[in-house]
Undergrad: 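My questions all concern the structure below.
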Amino acid sequence: MSEGNNKSGAFRLSRRRLLGRLGGAAALSLAAPLVLRRGRAEAASKNLVFVTWGGTYRSSVEEGLIKPFMAETGINVTVIDTPDLAKVKAQVTTGNVEWDIFDAPGALGTAGSKAGYWEPLSASLFDASDLSIPATKDLVPFYTFAGGIAYDPKRYPDGKYPKDFAEYFDANAFPGRRTFRNRPSETLEAALLADGVPPSKIYPLDVDRAFNALDRIKPSVAKWVDSTPQTITLLQTNEVDFSYSYASRVRTTAATGAGMAFSFAQTLNGLEYLAVLKNAPNKDSALKFVSYALQPARQAAVMELLGNTPNSKKAISMLSPATRKWLPDMTSDQNLIMDEWWWSDNFEKLSRRFKEWELS
Amino acid sequence: MTGVENPRAAAAYVSPAAIVSLAIAAVPLLFILFTSLGGSSFSLEAFKDLLSSALFRRSLLTTIEISVSASLISLALGYIVALHLARQSPRRRAIYMVLVLLPFWTSILVKSYAFTVILGREGLINSLLSWALGVHVALPMILNRFGVMVGMTNYLTPFIVFPVLASLLAIDPAIYRAADIMSARPPRIFFTITLPLSLPGVVAGLSSVVVMSLGFFIIPALLGGRQDMMLANLVDFYTRETLDWNMAAAIGVMLLIMVILLSAPALWMRRNQLVGRR
């Protein structure tokens, strides 16, 4: 309803008028999807909906990617918070697609690909020689994020904190309370690395061996963390001594002057993908956007703010030295890149086992 | 009470609300029921899976355990607060009610983080104790069941205070005067007048609090330990992480059945009251 309508209603509101107006509102809201859809079709090439994460993440992406894109192409981008795959499923299965581009953490990207929720991405959209990790038929890696050991260097100087997963799992040499994520992905990989499996031989995961290694560390785990910010806050409040967290998060926290550091001796690197929804209303613009997001200059501009590793090789050298200091050395054989495709086949079954193991 | 005694007139008053709630609640609920039964290809597979799953049974027990104990603690605390509020002058009561409402208006996420600061190993309480006793105290009060109880009780208590207060204020002061004239002592007055007459508020508050706590999600995730896994967390897992809506809906239906069973006593009590009045 228009504002003018509401205002005149506020002056004289007899019951009959109110009922009439409510009826009108109901009719309007029923007709709204039709009206909106027609409006959208007309402006199809000039509008895009991008679903991404909130907070400083959102402002970094807006600054480094969305504003330049809008300036260069004249296409307006609407940003929506929180990529939720359940909502993608609802949109695609009901044929009522409202989102165009989805900022997908590894597991969501591969799960959506298996379910057929993404449009194919043609190889011509990207410079294949520049991408560290190649695009698949419907997903392109946007960046990788490094998970690993966070600690307070004032309380635990060099030699006193666990620098890799073998030491993180050694509660005798490095006594203290620890965190892990409350899910099998990342946690089982860390357990196998700790147990001496080299990163190149991690997949397929030896699940029983991983759970055995986890049994050893279980008594020292103060919290199996559900929400990512808590990996930092628990460390800040001294609730735990060491925390499994992420380099980009630690970097932001350390920048505020809080005593916090991250060990780059060994990292678990997860992928973040970009995907275009199946039958996206503005498919052509969406494909253009995804291609634009992988250009070296844009990759560098966004990752300079986000603190993650760009997937464009050229972008890495464009980053400032201060930012590069916070990126893992991807040529080191101690670092692992997560295999989200393996997880998409095993996640549900292992999540059940993991949760049952936690309860026991 | 100037309530509507004629059921037909009552229906006229209730119907707009009933139509709205049917439209916005009943339709999605029917869809959830439909999804839990396997959608267009009818099957009880999801329910069979659930009942045979150790994970589901454990979470169900934990959920009931946490909900019931948090509700009872909230009732004990909320009743005392309501009793105190009922004895104040209206002006003071208004001020105190704002104090009850303040935490109620605060985001549950913010409150959970605030409790980390208050109850943590180096939080306010432990620091104060360490300072007072001269030894290092680090009582574990979060990341365990205790933390969940504190967080949930803090959230739920206002939902007890208001219905109980309404019942207490509805008690005719003449009854108290009569009891006083007959020289009844305070405990006697409480157990023969105040408590029985406040029961409708207690039942209303308690049942809504239990129902609410069955769906708790953030507080156990932030303040609980690894064993404090509630059904809402499982629903989230199936809805968003594995996209198995069949299972998610089946858990939802189970929760709904529990809620219906729990609201039965409240309905029954209300009916008795109406019948009693005639």
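Each chain gets a letter, A, B and so on, in the order its sequence line appears, and its residues count up from 1. Just so it is clear, the structure is predicted and the values come from calculations on it, not from any experiment. Every heavy atom of this structure was used, including side-chain atoms; hydrogens, water molecules and symmetry mates were not.
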Undergrad: Side chains of B:I24 and B:V27: does their closest heavy-atom pair fall under 4.5 Å?
TA: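 Of all side-chain heavy-atom pairs linking B:V27 with B:I24, none is under 4.5 Å.
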Undergrad: Can you say whether A:S360 sits under 4.5 Å from chain B via the side chain, the backbone, both, or neither, judging by heavy atoms?
TA: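 Only the backbone of A:S360 comes within 4.5 Å of chain B.
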Undergrad: Do B:T239 and B:D244 have side-chain heavy atoms sitting under 4.5 Å apart?
TA: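 No, side chains not in contact.
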Undergrad: Tell me, out of A:R183, A:K218, A:K87, who's got the most heavy-atom pairs with chain B below 4.5 Å.
TA: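 Winner by heavy-atom pair count: A:K218.
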Undergrad: Which residue out of B:Y113, B:F237, B:W245 racks up the most heavy-atom pairs below 4.5 Å with chain A?
TA: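 The answer is B:W245.
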Undergrad: Answer whether the closest heavy-atom distance between the side chains of B:L139 and B:I125 falls below 4.5 Å.
TA: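 With C-beta onward as the side chain, the pair stays apart.
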Undergrad: Run the ring-centre check on A:F102 versus A:Y117 and record whether the distance is less than 6.0 Å.
TA: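 So the answer is no for these two rings.
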Undergrad: Determine, using ring centers only, whether A:F169 and A:F180 are less than 6.0 Å apart.
TA: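 Yes, the ring of A:F180 comes within the 6.0 Å limit of the ring of A:F169, centre to centre.
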Undergrad: Can you tell which part of A:R353 gets under 4.5 Å to a heavy atom of chain B, answering side chain, backbone, both or neither?
TA: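 For A:R353, there is no contact with chain B at all, as no heavy atom is under 4.5 Å.
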Undergrad: Taking A:L359, A:T237, A:V225, A:L85 one by one, which has the highest count of heavy-atom pairs under 4.5 Å against chain B?
TA: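 Option with the greatest count: A:L359.
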Undergrad: Which bit of A:T233 is near chain B, if near means a heavy-atom gap under 4.5 Å: side chain, backbone, both or neither?
TA: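 Only the side chain of A:T233 comes within 4.5 Å of chain B.
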Undergrad: Select one option (side chain, backbone, both, neither) describing which atoms of A:A111 are under 4.5 Å from chain B's heavy atoms.
TA: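 Neither part.
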Undergrad: Run A:I149 and A:Y244 through side chain to side chain contact (heavy atoms under 4.5 Å, CB included) and show every step you take.
TA: CA-CA 5 Å; A:I149 299 145; A:Y244 180 86; 5.8 Å; no
Undergrad: Select one option (side chain, backbone, both, neither) describing which atoms of B:P16 are under 4.5 Å from chain A's heavy atoms.
TA: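 When you check distances to chain A, no heavy atom of B:P16 falls under 4.5 Å.
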Undergrad: May I ask you to check whether A:Y161 and A:Y156 place their ring centres under 6.0 Å from each other?
TA: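 They do not qualify: ring centres at least 6.0 Å apart.
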Undergrad: What option among B:S53, B:A138, B:A221, B:S59 has the most heavy-atom pairs under 4.5 Å with chain A?
TA: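 Highest number of pairs under 4.5 Å: B:A221.
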Undergrad: Counting only heavy atoms closer than 4.5 Å, note whether B:L222 contacts chain A via side chain, backbone, both or neither.
TA: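 Answer is both: backbone and side chain atoms of B:L222 are under 4.5 Å from chain A.
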